[in-house]
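Here is the structure we will look at, set down as structure tokens.
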Amino acid sequence: MIRIEHLRKEYGNVTPLKDVTVTIERGDVISVIGPSGTGKSTFIRCLNLLETPTSGDIWVDGVRITDKKCNINAVRRKMGMVFQSFNLFQHMNVIENIMAAPVDLLKTPRREAYEEGMRLLRAVGLADKAENFPDELSGGQKQRVAIARTLAMKPEIILFDEPTSALDPTMVGEVQAVIRDLARQGLTMVIVTHEMHFAREIANRVFYMDEGGIYEEGTPQEIFDHPKREKTVRFIKRVKVFETDITSGNFDFIGFNTRLEEFGRRSGISQRTIYRAQTVFEELCVQIILPALGEPFALNVSVGYSQDEETATMQIRYGGEAFDPTTSDNFLSLRLAENAAQSIEYAAAGEDGFTNLVTVKIK
Amino acid sequence: MRNNGKFKKILRAVFAAALAVVLLAGCGEKAEDASPQEGLSQFENAKLGVVTGSLYDGYSRELFPQAEISMFNNFADVLGALKQGKVDGTMLDRPNFNAVKRTESGLSCMPVPGYSVEIGFGFQKNEEGDRLCGQMNGFLAELEETRTLGTLLEKWYGETEPSENIPFGELPGSYPTLNVSLDMTRKPFVYMYNGEPVGFEAEVLFRFCEKYHYNIKYTNGSFATDGLAGLAGGKYDMVCAGLYMTDERKESVNFSDPYMKADVVMAVYEGGGGFFASIGESFEKTFVREGRWKLILQGIGTTLLISFSAMAGGTLLGFLLYLASRSKYKIPSKIAQGFAKVYSKLVEGMPVLVVLMILFYVVFGNTDLSGLAVAVIGFILTFGSFVYGQLKLTVEGVDKGQTEAAYALGYGRNRTFFRIVLPQAMKMFIPAYSAEAVGLVKATSVVGYIAVSDLTKVGDIIRSNTYEAFFPLFAIAVIYFLLTWGISVLFGLLARKTDPRRRNRRKALVQGGEK
């Protein structure tokens with residue numbers, strides 16, 4: 001239904017979409033998730049050309065909409081869009097908002113458009129608001145009207161651009177219920193959302209976007225239960241990461257500890273866990289690994305914290321010859337580190353020029 | 001300071017005493033005989049009123065170097081200041097004084113010996129001007145011979161108002177046309193009576209044209225701001241304004257032989273019963289006498305004609321320019337944007353009066369375009385610049401999400417603009433437009449400078465006939481107020497009509513049910 005090939009979008013010096021190639025089938029309900037600023041909105045807005053792609057091609061129902069000669073207005077008529085900020089027409093009341101496009105663009109007789117509009121309003125539970133103006137409605141009501149307005153054009157595809165992000169938590173439910181209802185009717189939908197439970201339950205496919213493209217794609221089970229790639233895992237498990245490269249022996253260790261504490265406070269990690277992480281860093285990394293390192297100096301320390309599992313993990317990567325710190329003869333430091341840790345695992349393998357990897361689960 | 005104040009008081013007392021003497025003596029031979037120099041010496045440190053650009057500016061400075069000179073636009077204003085005590089005296093020629101004296105009994109004068117002015121008709125300084133001037137000189141000589149000139153001078157410049165006024169009659173349209181600038185604030189040389197130009201020069205002009213077979217197309221405008229410039233620029237063939245034949249003017253104006261040499265007098269005013277002494281009489285003079293209300297109605301008509309034409313034309317111009325500037329075709333939109341930028345900067349940066357004068361004397365200087373047409377063009381340009389700027393501002397003020405939502409539904413560029421964006425921009429546009437329209441009506445009051453008889457100019461003409469300085473001003477002010485008030489009420493209604501919130505909310509329902 002929608003085929004996207006090598007889609008790229010640049011703004012000045014930022015490139016939110018580097019190279020996206022994907023196909024959306026008829027009847028697909030796709031959740032697009034990912035951290036902020038990874039091009040989710042840009043991606044969905046390229047699909048109806050609200051953003052003009054820098055390069056690449058998009059086909060909708062076999063029509064290449066990136067073709068300059070393509071009549072995009074005709075394509076947009078069967079591809080609705082629901083916005084984060086609702087964008088109801090301020091100078092029209094609710095029923096006029098819904099009737100406007102069918103009457104203006106599809107030449108639907110007013111009476112028919114009116115009746116269809118009222119039917120849609122009833123479907124979203126707002127028939128009694130037909131004569132109100134948009135600014136007399138709550139956020140959730142506005143978004144439901146916006147959905148009804150989109151549906152009035154009888155679209156085959158609906159794009160949802162963070163439909164619940166601008167809503168009070170109390171109103172998220174009513175809008176999600178309406179979207180859920182649409183999914184059951186077999187409409188093709190692409191939904192950008194930050195609501196993970198909603199993304200999971202509604203979709204048959206999930207796009208995790210990061211690094212300028214669709215970083216990982218799969219069924220909700222694949223993405224949410226068994227994410228394969230590192231950033232997906234971090235995002236799904238809501239893992240917060242603190243990472244530092246140490247480039248010389250003259251590293252500011254006190255500064256490192258201070259920043260680690262700060263990270264702990266921000267991520268809601270308990271003081272005790274942070275204290276233990278600091279102990280592991282000092283005993284294992286500073287006392288045992290550091291003296292063993294030669295030139296070229298390569299050391300990377302990262303602390304990850306999963307909010308779902310409430311566990312902290314420290315990873316220490318370093319270069320040089322294989323060296324397992326648990327075999328060190330500095331018994332005192334090793335003992336102290338072991339006391340602070342649940343487990344310490346060593347592997348003589350790594351990536352990006354590091355040859356050793358120590359994984360420590362903090363108590 | 002205090003000394004100065006005291007000195008002024010003493011001076012005023014002396015002045016009042018002298019005035020009393022003058023009043024008793026009248027302004028006749030006796031006063032002249034008494035001791036004219038002594039009478040004039042009071043003015044050495046006085047405040048004197050002069051009409052801007054008139055000969056008396058120079059005379060006053062020459063005779064009374066210590067005096068404080070105040071400049072006024074026309075003699076009616078000088079007289080107003082004189083009556084109010086803002087100036088102590090003003091110099092003018094005897095015929096003019098006689099004409100004023102007819103209605104202003106409080107006025108008196110003393111001669112200024114050694115000063116006199118020669119008065120004649122002005123023509124272009126070229127061959128055609130020479131020819132006309134020659135004809136006029138012949139005609140004046142003939143009037144002199146037949147003793148008609150003396151009779152006419154007596155009739156118009158005497159101490160009593162001419163009982164029989166001769167307005168222009170019909171001249172056959174087949175005659176070649178003379179474009180003549182008449183300064184109708186120059187009573188009794190040329191002025192307005194019953195909406196028709198009359199006065200000595202008007203009558204001579206009419207007789208001249210009758211004899212030499214010309215048709216007259218006259219424009220009513222101040223000779224200082226319009227007539228002489230228009231003569232030099234070729235707009236007028238002739239100027240009738242009781243012109244003084246100064247050496248300076250002779251350089252650019254081809255004067256006829258002087259038909260008279262007039263004495264210069266110093267006029268003073270001795271309080272004749274306050275300015276609001278008789279509102280009833282003022283009203284009668286300003287509105288009723290000689291059917292002046294017709295003149296005022298014409299003035300209102302002209303003001304409204306200019307205002308509404310400028311509104312309609314300016315709105316169209318601004319709108320088209322804006323549409324062109326947001327065209328999806330690159331080249332026309334770039335051209336329109338560039339043009340609009342330069343054009344609105346130019347118009348915004350210049351006083352509208354200057355724009356009008358440039359248009360009238362330079363741009364359209366050699367065309368037949370009337371002052372009215374030029375005024376309309378000028379105000380279309382200024383109003384168009386406003387409409388363009390305001391449209392840009394208010395359209396950009398509409399949330400971008402509105403456009404995106406319309407695009408996403410499948411609306412095209414133009415339909416989105418007219419159906420979604422523009423109606424919302426109107427909400428902000430109309431109040432600003434209304435204020436600008438009101439401002440426009442008031443701004444048109446400067447068109448008198450390019451010889452258009454709008455409401456303000458009509459007020460000036462009436463004042464120069466009645467020498468009522470204040471009542472016509474108030475009357476005109478009230479009329480302007482009513483006009484602008486009416487316009488803002490009109491736009492208030494429009495704003496309410498277009499406000500979706502005040503519209504019948506069931507409209508969609510009703511229309512849905514009807515079809």
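Letters A, B, ... are given to chains in the order of the sequence lines, protein chains preceding strands, and every chain is numbered from 1. Only a predicted model underlies this, so the values are computations on that prediction, with no experimental measurement involved.
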Worksheet entry | Neighbour count above 12 (heavy atom, 6.0 Å) for B:Ile331 CD1 | no
Worksheet item: Non-hydrogen atoms of chain B under 4.5 Å away: do they reach the side chain of A:Arg45, the backbone, both or neither?
Response: side chain
Worksheet item: Would one find more than 12 heavy atoms of other residues, nucleotides or ligands at under 6.0 Å from atom CZ of B:Phe386?
Response: yes
Practice prompt. Give, as side chain, backbone, both or neither, the part of A:Asp135 having an atom under 4.5 angstrom from any heavy atom of chain B.
Written response: side chain
Item to complete: Considering only heavy atoms and a distance below 4.5 Å, find which of A:Gln90, A:Met81, A:Met79 pairs most often with chain B.
Response: A:Gln90
Item to complete: Can you check whether anything in residues 389-425 of chain B gets within less than 4.5 Å of chain A, heavy-atom wise, and list it by number?
Response: B:Asp399, B:Gly401, B:Gln402, B:Glu404, B:Ala405, B:Ala406, B:Tyr407, B:Ala408, B:Leu409, B:Gly410, B:Tyr411, B:Gly412, B:Arg415, B:Arg419, B:Ile420, B:Pro423, B:Gln424
Fill in: More than 12 heavy atoms from other groups under 6.0 Å of OH on A:Tyr11
yes
Worksheet item: Of the listed residues (A:Ala113, A:Pro109, A:Ala101), which shares the most heavy-atom pairs with chain B below a 4.5 Å separation?
Response: A:Ala101
Fill in: A:Lys107 atom NZ, neighbour heavy-atom count above 12 within 6.0 Å
yes
Practice prompt. Please determine, among A:Leu159, A:Leu105, A:Thr150, A:Asn48, the option with the most heavy-atom pairs under 4.5 Å with chain B.
Written response: A:Leu105
Worksheet entry | Contacting region of A:Phe83 [heavy-atom separation from chain B under 4.5 Å] | side chain
